[in-house]
> 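Here it is, the structure in full.
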Amino acid sequence: MPMPDVVTRFAPSPTGHLHIGGARTALFCWAFARKHRGVFTLRIEDTDQARSSDESARGIMEDLAWLGIDWDQGPEFTTSDGKKIGGDPFRVGPFFQARRVKLYNEHLMRLIEQGKAYPAFEKPEELESKRKAAVAAKQTYRYDRAALREMPDIKDRLKRMESGEPHVIRFFVPDEPVRVQDEVLGEVKYAAGEVDDFVIRKADGFPTYHFAVVVDDETMGVTHVMRAQEHLNNTPRHVALQKALGFRTPVYAHMPLICNMDSSKMSKRDKAKAARAAIKQASQKEPGVASRLASETGLGEKTLADFVAGEIDTVEVATAIGARLNIALPEIEVADFRENGYLPEAINNFVALLGWNPGMKLPDGKDLEKFDNAFLCQHFSVERIGKTSAKFDRTKLMSFNADAINALPDAVFAARWRAWCAEFSPEIVRRVPEARWGILASAVKARAKTFREASKPCAFAMLDDGAIVFDQAAVDKNLLANDKQGLALLRAFREAFAAAFPESSGDEVGAGPSHAIIETLAKDRGLGMGPVAQAIRVALAGVAVTPPLGETMAVLGRRSTLARLDRCLATHHG
RNA sequence: GGCCCCGUCGUCUAGCCCGGUCUAGGACACUACCCUUUCACGGUAGGGACAUGGGUUCGAAUCCCAUCGGGGUCACCA
């Protein structure tokens, strides 16, 4: 099978969950490939042995699949509904860089033989101190080619290298300007001497990112590289390497960054920042909070001290601390959004709009901004990628999510919400029988911005009848005010309800009929719905906010409804 | 600090390439009112931007220059 004209790739390093910015990159690469009937590649950049893990790689694939992004070549993966993704139809694998070391070394030896790369033997500490000195002197640090000066004869260096002495391989960067042609930014020029002799193979024998990327993009047939703008300054390195190796240069398109509302780059470190800030705040009230956390999280004093000092900022540590301190860390990774009840279609749509737009109008003249992945595959174009970085406005995402939820047919919402709850809020699934779930779901759908928020007003359904806690303010206002008007209404309602649903009728209660009882009662008394409904709400849920009452009673059923009414009446001796 | 990128409502953006149709359009958020049994949804209306200064031109958000501002990047991480 011949390689198509368009091959794109998404190449994450497996050091954690998929970042939301990575999701956008993947989405664009995928959509571009689909639009041009090309091939979308997933490649795992696991050359950092210390930080990479198979779990992360699997997690990223799960996140991608959840978003509906499938890859034509890459690691094999089976989705939760049994669809197989990935494989190696063009025989260019494997797709884990750690398994391609032999290939890298072949190309690397070629460079060394041609004098375009050379071993260097400085210790990391030596380089580090030179770097620090340069920074202190307010000068730009560039590798000074000391290795070449000290041992001019390549044969000597190769002998030393073969003797097993620890070394890195550096690329001998030609002394010439580099032009990068970028489809988003236009031509970007780098003067000769801007790029120094960077390392292309580490002391552990693994290639660095720059080298692996260049070799892989060539050997995997990648034609279009779309990535975030933070990589722009890497591109001259890659172009220089391609030239030295005799490779083609793919088409580049660097897309704008996704930033926080304070315009810093949105990064996993933000979680650590938030956790650190929380510790600082907590320590004002509780001086020993750090050591308490150290033992409670099981992280230990040392790790926690390093974390507070900013020496480490891993997501795992931040998450453990956040959980202990009971604070919400910012949503950064796709998994965070999933956990908080966002729909993949809303995330895709929103994230696609960060830096791209279809440039189309609706018949009523408004801009078209709601679309799905199929639309994106049909209309995505690099030309319409913007240049300016975008701030990630969670409020707007939330609005998109609410719209996406509302667009779901009731039955679909019910099923998807239940699936979400089963994973992240199992108590409610345990409490509300399947037969009544549809009623709850339809009652809650219109007011839910996320799956998680949909569950909030359902607290009433997760408590035993005797466990309802009456909010005092709600009781005062809706039951006791006006000479206990609410209690009187409640008593009347209790009688009417019991009469309408005698014991012999079973436990099922219709939402419509229940609602009708309230209506009749209000009418008979010459009252609006308010006083009656609010009193009942407080009796059934303890608070003044619940889904519509007919549905609420239908979910509770006859027995629970009566039990709660009676308990409320007794507690406040109506 | 060097290098690189960017600069339209608070935010995402349309318009910019191909100056006039822009008294700059949409969306989210905000404010007010309407609807309403709570919370929401929904409806209507409103405030809100071309960073600044110079050019070019009959005419500039659109072209040019400068200034200012913001961001990214400077690893044996990717």
Side-chain angles (χ1 to χ4, degrees), chain A residues 11-13 15 45-48 50-52 120 122-124 127-128 131 134-135 137-142 166-170 180 182 184-185 188-191 194-196 198-204 206 208-210 212-213 228-236 254 256-257 259 261 263-265 350 353-357 359-362 364-370 383 386-393 395-400 402 406 444-449 453 456-457 474 478 515 518-519 522 528-538 541 543-549:
Chain A
S13 64
T15 56
E45 311 222 324
D46 56 350
T47 55
D48 185 339
R51 296 199 303 160
S52 299
E122 293 95 335
K123 298 206 167 54
L127 296 170
E128 188 57 30
R131 191 175 300 119
V135 170
K138 295 205 168 184
Q139 293 196 320
T140 307
Y141 172 80
R142 290 199 180 89
H167 66 278
V168 300
I169 304 293
R170 285 182 184 271
V180 173
D182 189 276
V184 173
L185 300 170
V188 182
K189 292 175 206 161
Y190 294 86
E194 257 329 302
V195 178
D196 70 356
F198 53 99
V199 173
I200 55 178
R201 190 175 75 186
K202 301 180 269 188
D204 65 4
F206 282 87
T208 60
Y209 158 75
H210 300 113
V213 159
Q229 251 175 49
E230 59 190 329
H231 287 291
L232 181 62
N233 291 331
N234 290 148
T235 313
H254 287 91
L257 257 14
C259 297
M261 290 310 277
S263 31
S264 59
K265 186 175 76 167
F350 177 72
L353 247 13
L354 258 28
W356 183 82
N357 78 80
M360 295 182 196
K361 298 265 188 221
L362 263 5
D364 63 3
K366 296 182 173 183
D367 293 349
L368 185 154
E369 65 168 10
K370 295 291 172 65
E383 298 83 64
K387 297 178 176 187
T388 57
S389 57
K391 290 178 186 160
F392 193 91
D393 184 355
T395 313
K396 184 157 181 173
L397 200 215
M398 178 94 69
S399 164
F400 269 50
N406 252 291
V444 127
K445 196 184 101 176
R447 62 209 74 217
K449 288 188 181 349
E453 289 218 341
K456 274 186 189 161
N478 301 299
H515 178 259
I518 306 176
E519 239 176 358
M529 290 289 274
V532 188
Q534 287 309 87
I536 299 170
R537 239 181 267 280
V538 173
V543 293
V545 178
T546 75
L549 278 178

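Convention: sequence-line order gives letters A, B, ...; per-chain numbering from 1.
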> Between A:K202 and A:V188, which has a closest nucleotide on RNA chain B that is more 5'?
A:V188

> How close or far is atom C1' of B:C74 from atom NZ of A:K265, stated in whole angstroms?
13 Å

> Determine the contact category for A:E453: base if any of its heavy atoms lies under 4.0 Å from a base atom, sugar-phosphate if only primed atoms, P, OP1 or OP2 are that close, otherwise nothing.
nothing

> Heavy atoms under 4.0 Å, any strand shown: does A:A203 hit a base, just sugar-phosphate, or nothing?
base

> Taking atom P of B:A78 as reference, at what distance in whole Å does atom CG of A:L257 sit?
19 Å

> Let me know, please, whether A:W356 or A:M529 comes out on the 5' side of the other along RNA chain B by nearest nucleotide.
A:W356

> Reckon A:G359 touches a base, only the sugar-phosphate, or nothing at all at heavy-atom distances under 4.0 Å?
nothing

> How far does the C1' atom of B:G2 sit from the matching atom of B:C64, given to the nearest Å?
27 Å

> Measure the distance from CG on A:N357 to C1' on B:U8 and round it to the nearest whole Å.
14 Å

> For B:C41, measure the glycosidic angle (O4'-C1'-N9-C4 for a purine, O4'-C1'-N1-C2 for a pyrimidine) and name it syn if it falls within 90° of 0, otherwise anti.
syn

> Only counting residues at least two apart or in another chain, list the ones meeting ring-ring contact (aromatic ring centres under 6.0 Å, His included) with A:F392.
A:F337, A:F350

> Mind checking A:F350 for me? I need base, sugar-phosphate or nothing, with any heavy atom below 4.0 Å counting as a touch.
nothing

> Using a cut-off of strictly less than 4.0 Å, decide whether A:R447 has a side-chain nitrogen or oxygen near OP1 or OP2 of B:U36.
no

> Look only at the side chain of A:D367 and the backbone of A:E369, and say whether a donor-acceptor pair between them is shorter than 3.5 Å.
no

> Would you mind classifying the nucleic acid contact of A:T388 as base, sugar-phosphate or nothing, using non-hydrogen atoms under 4.0 angstrom?
sugar-phosphate

> Provide, to the nearest angstrom, the distance between the NZ atom belonging to A:K189 and the P atom belonging to B:G2.
20 Å

> Dump the pairs, protein N or O against N or O of nucleotides 27-31 of chain B, anything under 3.5 Å, distances to one decimal.
residue	atom	partner	partner atom	Å
B:A27	OP1	A:K366	NZ	2.9
B:A27	O4'	A:E369	OE2	3.4
B:A27	O2'	A:E369	OE2	2.3
B:A27	N3	A:K396	NZ	3.0

> Do the side-chain N or O atoms of A:K391 get closer than 4.0 angstrom to the phosphate oxygens (OP1, OP2) of B:G71?
no

> In whole angstrom, what separates A:Y141's OH from B:U73's C1'?
16 Å

> Distance check, C1' atoms only: B:A45 and B:C6, in whole angstrom units.
36 Å

> Provide the distance between the two P atoms, one in B:G70 and one in B:U8, to the nearest whole Å.
14 Å

> Specify the separation, in whole Å, of atom CG of A:L185 and atom C1' of B:C16.
16 Å

> Take the protein atom CD of A:E194 and the nucleotide atom C1' of B:C74, then report the distance between them rounded to whole Å.
10 Å

> Taking atom C1' of B:C5 as reference, at what distance in whole Å does atom CD of A:Q229 sit?
5 Å

> C1' atom, B:C4 versus B:G55: distance in rounded Å?
27 Å

